[in-house]
Amino acid sequence: MKQEPVINPYIAIFIGVLSVSTSAILVKLATAPAPIIAGYRLFFTTLLMLPIILIYFREDFKRISKRDLLFCLFSGIFLAFHFILWFESLNYTSVASSVVLVALQPIFAFIGTYIFFKEKLTMKAFLGGGLAIGGSILISWGDFKISGMALFGDLLALLGAVAVTVYYLFGQTVRKRLHIMTYTFLVYGMATGTLFIYCVGLGYEFGPYPTQDWIYFLLLAIFPTLLGHSIFNWALKYVSTTVISMSILGEPIGASILAYFLLGEIVRWEQLTGGLIILVGIYIFLRRRRLKDSNTKADLSKEEVHQHG
């Protein structure tokens with residue numbers, strides 16, 4: 001007999017989308033440098049996960065191979081640089097532009113799987129990817145008309161999407177052998193170490209920062225990192241991975257709405273049109289992925305729902 005969920009999964013997914021949509025807003029509100037924000041976000045996330053790891057997953061660490069540890073390290077390094085690049089982009093461009101450009105990650109992931117895993121290209125993949133790239137060009141053109149710095153921010157956001165794609169590629173095989181909690185804890189811990197080393201190397205101060213900043217660091221750990229992603233992983237028990245993946249496309253929309261009300265950012269027509277084109281392109285890509293998965297009955301990892309937010 002199938003267990004009924006305690007809450008409607010679609011309501012939970014909506015809450016998850018709202019949670020991850022707060023990420024860019026909280027980063028914008030914080031006054032600390034981008035690498036410091038990223039470092040403390042993952043540091044607090046790792047600390048909050050530690051009791052659960054010690055109680056339920058302590059034995060997992062005795063069975064991890066050196067190869068898997070190395071891949072977790074590389075995953076953590078690229079996750080760290082994803083956050084550095086994306087958070088830094090928010091200092092130069094708008095929330096709407098940054099978040100929707102980082103959402104191009106599935107397209108970069110497809111390119112990566114084609115190169116490294118020889119996944120075949122389809123006409124729908126070409127169409128979806130072409131639309132998404134066209135939308136990003138429209139956004140970048142609009143930002144360039146405003147300032148070169150806004151375009152620089154767009155470039156950082158795109159590089160952030162590339163970095164998180166490499167993070168996924170390194171973790172792709174490891175996730176099949178480790179529990180999602182064990183893998184996430186290891187990667188977040190290694191990303192935290194990478195970020196702190198980066199901050200020390202470049203002379204960033206770890207404090208003091210205003211009380212509000214510490215609150216933002218903690219909120220970043222709780223809402224977009226733990227609450228948002230945990231809800232998506234819980235919902236996978238009741239809905240398909242494709243439903244989750246397509247729902248996460250609501251993050252750029254939610255973030256743009258929050259930016260309008262909380263930061264006073266106006267969405268220009270290039271951002272609106274380009275963003276919609278990108279989301280349609282990614283939607284077509286994910287539809288292609290869903291059809292492929294239904295034909296092959298592939299076992300998708302839950303970690304695939306983890307996004308930059």
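- In this structure, the side chains of Leu169 and Phe78 stay at 4.5 Å or more apart for every pair of heavy atoms.
- With contacts defined as side-chain heavy-atom distances shorter than 4.5 Å, the pair Ile36/Cys199 qualifies.
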*Might you work through the side chain to side chain contact (heavy atoms under 4.5 Å, CB included) test for Leu79 and Thr194, ending with a clear yes or no?*
CA-CA 9 Å; Leu79 180 63; Thr194 300; over 6 Å; no
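- Between Tyr40 and Phe43, the angle of the ring planes goes over 60°, which puts this pair in the perpendicular group of the 30/60° scheme.
- Minimum heavy-atom separation, Gly275 to Val100: CA-CG2, 3.7 Å.
- Within a 6.0 Å sphere centred on CZ of Phe57, heavy atoms belonging to other residues, nucleotides or ligands number more than 12.
- Aromatic ring pairs are classed by plane angle as parallel below 30°, tilted from 30° to 60° and perpendicular above 60°; the pair Tyr238 and Trp234 is tilted.
- Formation of a donor-acceptor pair under 3.5 Å by the Thr93 side chain with backbone atoms of Asp154 is not found in this model.
- By the neighbour-count criterion of 12 heavy atoms within 6.0 Å, atom OH of Tyr260 is sparsely surrounded, having that number or fewer from other residues, nucleotides or ligands.
- Aromatic rings from Phe196 and Phe206 are positioned such that their centres are separated by under 6.0 Å.
- Side chain of Trp86 to backbone of Ala161: no donor-acceptor contact under 3.5 angstrom is found.
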*Between Leu26 and Phe217, does a side chain to side chain contact (heavy atoms under 4.5 Å, CB included) hold up when you go through it step by step?*
CA-CA 8 Å; Leu26 292 169; Phe217 301 156; over 6 Å; no
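- By the 4.5 Å heavy-atom criterion applied to side chains, Leu178 and Cys72 are counted as neighbours.
- A search for salt bridge (Lys or Arg N to Asp or Glu O under 4.0 Å) contacts involving Arg58 returns nothing, not counting sequence neighbours.
- Within 6.0 Å of CZ in Phe108 there are more than 12 heavy atoms belonging to other residues, nucleotides or ligands.
- Side chain to side chain, Ser23 and Arg41 meet the donor-acceptor criterion of an N or O pair below 3.5 Å.
- Relative orientation of the Tyr167 and Tyr183 rings is parallel, given thresholds of 30° and 60° on the angle between their planes.
- For Glu205, the salt bridge (Lys or Arg N to Asp or Glu O under 4.0 Å) test picks out no residue, with sequence neighbours left out.
- No more than 12 heavy atoms of other residues, nucleotides or ligands lie within 6.0 Å of OH in Tyr56, so this atom counts as exposed by the packing criterion.
- Looking at Glu251 and Ser21, their side chains never bring a donor and an acceptor atom within 3.5 Å of each other.
- Under the 4.5 Å side-chain criterion, counting only non-hydrogen atoms from C-beta, Ile84 is in contact with Leu195.
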*Can Thr45 and Ile222 be said to form a side chain to side chain contact (heavy atoms under 4.5 Å, CB included), step by step?*
CA-CA 7 Å; Thr45 301; Ile222 294 172; over 6 Å; no
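- Within the 3.5 Å criterion, the main-chain N or O of Val95 finds a donor-acceptor partner in the side chain of Glu265.
- What you find for Ile37 and Ala32 is that their closest heavy atoms are CD1-O, 3.2 Å.
- Annotation for Thr22 and Pro224: closest pair OG1-CD, 3.7 Å, computed over non-hydrogen atoms.
- Looking at Ile278 and Leu101, their side chains come closer than 4.5 Å, going by heavy atoms from C-beta outward.
- No side-chain heavy atom of Ile77 sits less than 4.5 Å from a side-chain heavy atom of Phe170.
- Side-chain atoms of Ser89 and Ser98 include a donor-acceptor pair closer than 3.5 Å.
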_Walk me through whether Thr184 and Met49 qualify under side chain to side chain contact (heavy atoms under 4.5 Å, CB included)._
CA-CA 9 Å; Thr184 303; Met49 292 179 69; 4.1 Å; yes
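- Contact between Asp213 and Ala30 at its shortest, heavy atoms only, is OD1-CA, 3.4 Å.
- The shortest heavy-atom contact between Glu88 and Pro35 is OE1-CD, 4.1 Å.
- Every residue meeting the salt bridge (Lys or Arg N to Asp or Glu O under 4.0 Å) condition with Arg177, not counting sequence neighbours, appears here in chain and number order: Asp68.
- Looking at Trp141 and Glu270, their side chains come closer than 4.5 Å, going by heavy atoms from C-beta outward.
- For Lys28 (side chain) and Leu90 (main-chain N/O), a donor-acceptor pair under 3.5 Å exists by modelled atom type.
- Counting only heavy atoms from C-beta outward, the side chains of Val166 and Phe81 never approach each other to under 4.5 Å.
- Taking each heavy atom of Ile52 and Met181 in turn, the nearest pair found is CG2-CE, 3.8 Å.
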